[in-house]
Amino acid sequence: MNMTHRPTEPTSSEPAYAISQWPDNGDLMDRLNALIKHPIRGIRKDAMPGVLDYFEQKCPTSKAWARRAAEVIPGGVQHNLAFNYPFPLAMTKVDGAHMWDADGNRYIDFLQAGGPTLLGSNYLPVRQKAHEIIDECGPATGMLHEYEFKLAELIRHHMPNIEMFRMLGSGTEAVMGAIRLARAHTGRKWVIKVGGGYHGWSDQVVYGLRVPGTGRREAAGIPRGSTGKTQEVFPNELGTLRRKLMLNRIRGGTAAVIVEPLGPESGTRPVTPEYNAEVRKLCDEFGALLIFDEVVTGFRVGMGGAQGYFNVRPDLTVFGKCITGGYLMAGGIGGPKSIMMTLVGGIGSGTKRAFVGGTLSANPLSCVAGFYAIEEMARTNAAVIAGRAGDRLAKGLKEIMDRYGLPYVVYNLGSIVHLQTSALLLMSMRNPIKLLREVHARRQLMEEMGAAYLAHGILTVGGSRIYTSMADTDDVIDDALDRFESVFKLV
Ligand code: PLP
């Protein structure tokens, strides 16, 4: 296979990170709290039939396929993020910033496969390398391949905290492995996460999902013992974190504090600028490992990840999504050699190890795709370009919403744009009566907004989040803004 290493271009005076400005947390929380208090406001009742008519008239193939899928797939979709109101759309083609459904309708793709395709969908230079490796040795061999270490070297080059990297199959697996590693390394038990944060679906972290304070609410099928050593703290509450660390010290100790470094659910409640550094100090004081879940942020925030942006050193970094540029089996754990050697691979070295594995993990296709995707991200400064698209979109949306007097809140952390219309994800168990009373109506609003965006040619993440990519030119964003305005006219 003729794959010569193309060095990344020298860095210019371009910024290195996608986030041009961190939101003013106080102001943002005031606006979000005002949205929670505001009466629920969505698509007008008289406008909704027109939205649904789009799906009936324009999407007959999707409708027929959705019916077939519902017979053999629980809920009719395999992906939790596949938007399915009034029925899931079946997509047949993607290219850059756009996606086409089975009936030939085009959408601006702000789902970007759930985040991994920072370079834009189906990016040609990476696709070509994927073709080459498939032609040469198929997707998997089960043996060492040169791109296994080339990918690890490249990650180490961009994130100096990472001396070693163990590749796994998904973000979920990587979180599971990182927690096991932290426990094996420290000999301690407790794991603290931030309420509302998502770290995949392994037993121990299906706890306090989406809405802080909800603990085991989503833990059907998970024995109490599996979450028995998991705790959650409310976002940005350092005092509570300290108290939990102190309490844990006398009952087995804290193995790890795991955070999404932008804040839970990719910054749905953004951290304060000093939060991660303060958590680092607390981890040092109490001897816990700090795990950064960079499944979304590495390399979407920049080549140095969120750890580079905040200049905070985690002990372990969890990867997913971007690590293979959207190709299969995307996950891994990185950290210093002193900790990572506990993840030693092979039949075993006779020393204590935290066992992880995976038949198809780190296959040649994943490693080659990851290597070239990350190289292209660095060469093109993709995170910053996608971040500029996020800035333009958020600014434009705010202007439209102000013009129409809407109570909605929009802000962006680079290429992650949060568009809160229902505030569902901002509620908490601190006000359980309001949560229980309003959860249904707010979920319905989110679904209806998502359907209205789709009917106007925009695909979002669950109706409340947008991932921009390097393919989002000013023209794409301006087109999206016109379409969003058409939706907001229906409110
Ligand atoms: N961690 C975070 C922050 C995520 O956003 C996700 C998935 O969206 C995961 C972990 C789980 O990754 P995967 O879906 O690859 O299992």
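When a ligand or atom number is given, it counts from 1 through the structure's own listing order.
Residues Pro15 and Val384 approach most closely at O-CG2, 3.3 Å, considering heavy atoms.
Under the 30°/60° scheme for interplanar angles, the aromatic rings of Trp22 and Tyr309 are found to be tilted. Between Phe299 and His158, the ring planes are perpendicular. Angles over 60° get that label, and only those under 30° would be called parallel.
Residue Glu260 has no N or O atom closer than 3.5 Å to an N or O atom of ligand 1. Here's the thing with Lys321: one of its N/O atoms is less than 3.5 angstrom from an N/O atom of ligand 1. Some N or O of Gly171 is nearer than 3.5 Å to an N or O of ligand 1, by distance alone.
Surrounding CE of Met341 are at most 12 heavy atoms belonging to other residues, nucleotides or ligands under 6.0 Å away.
For ligand 1, the atoms sitting less than 4.0 Å from at least one non-hydrogen atom of Ser170 are 15 (O), 16 (O), numbered in the order shown with element in parentheses. If you number the atoms of ligand 1 from 1 as listed, the ones under 4.0 Å from a heavy atom of Gly200 come out as 9 (C), 10 (C), 11 (C). Annotation for ligand 1: atoms under 4.0 Å from non-hydrogen atoms of His199 are 1 (N), 10 (C). Residue Val296 has at least one heavy-atom neighbour below 4.0 Å for each of these atoms of ligand 1: 5 (O).
No donor-acceptor contact under 3.5 angstrom links the side chains of Arg188 and Thr254, judged on distance only.
The aromatic ring centres of Phe371 and Tyr147 sit less than 6.0 Å apart.
Looking at atom 2 (C) of ligand 1, its nearest protein heavy atom turns out to be Tyr198 O, 3.2 Å.
Within the structure, the ring-ring contact (aromatic ring centres under 6.0 Å, His included) test picks out the following pairs touching residues 161-196 (sequence neighbours left out): Phe165-Phe319.
In this structure, Asp472 and Phe110 have side chains that are in contact, with non-hydrogen atoms separated by less than 4.5 Å.
At a heavy-atom distance under 4.0 Å, no atom of Trp201 approaches ligand 1.
Using a 4.0 Å cutoff on heavy atoms, Gly320 does not count as a contact of ligand 1.
Between Ile323, Thr172, Thr297, Asp293, it is Thr172 that holds the heavy atom closest to atom 11 (C) of ligand 1.
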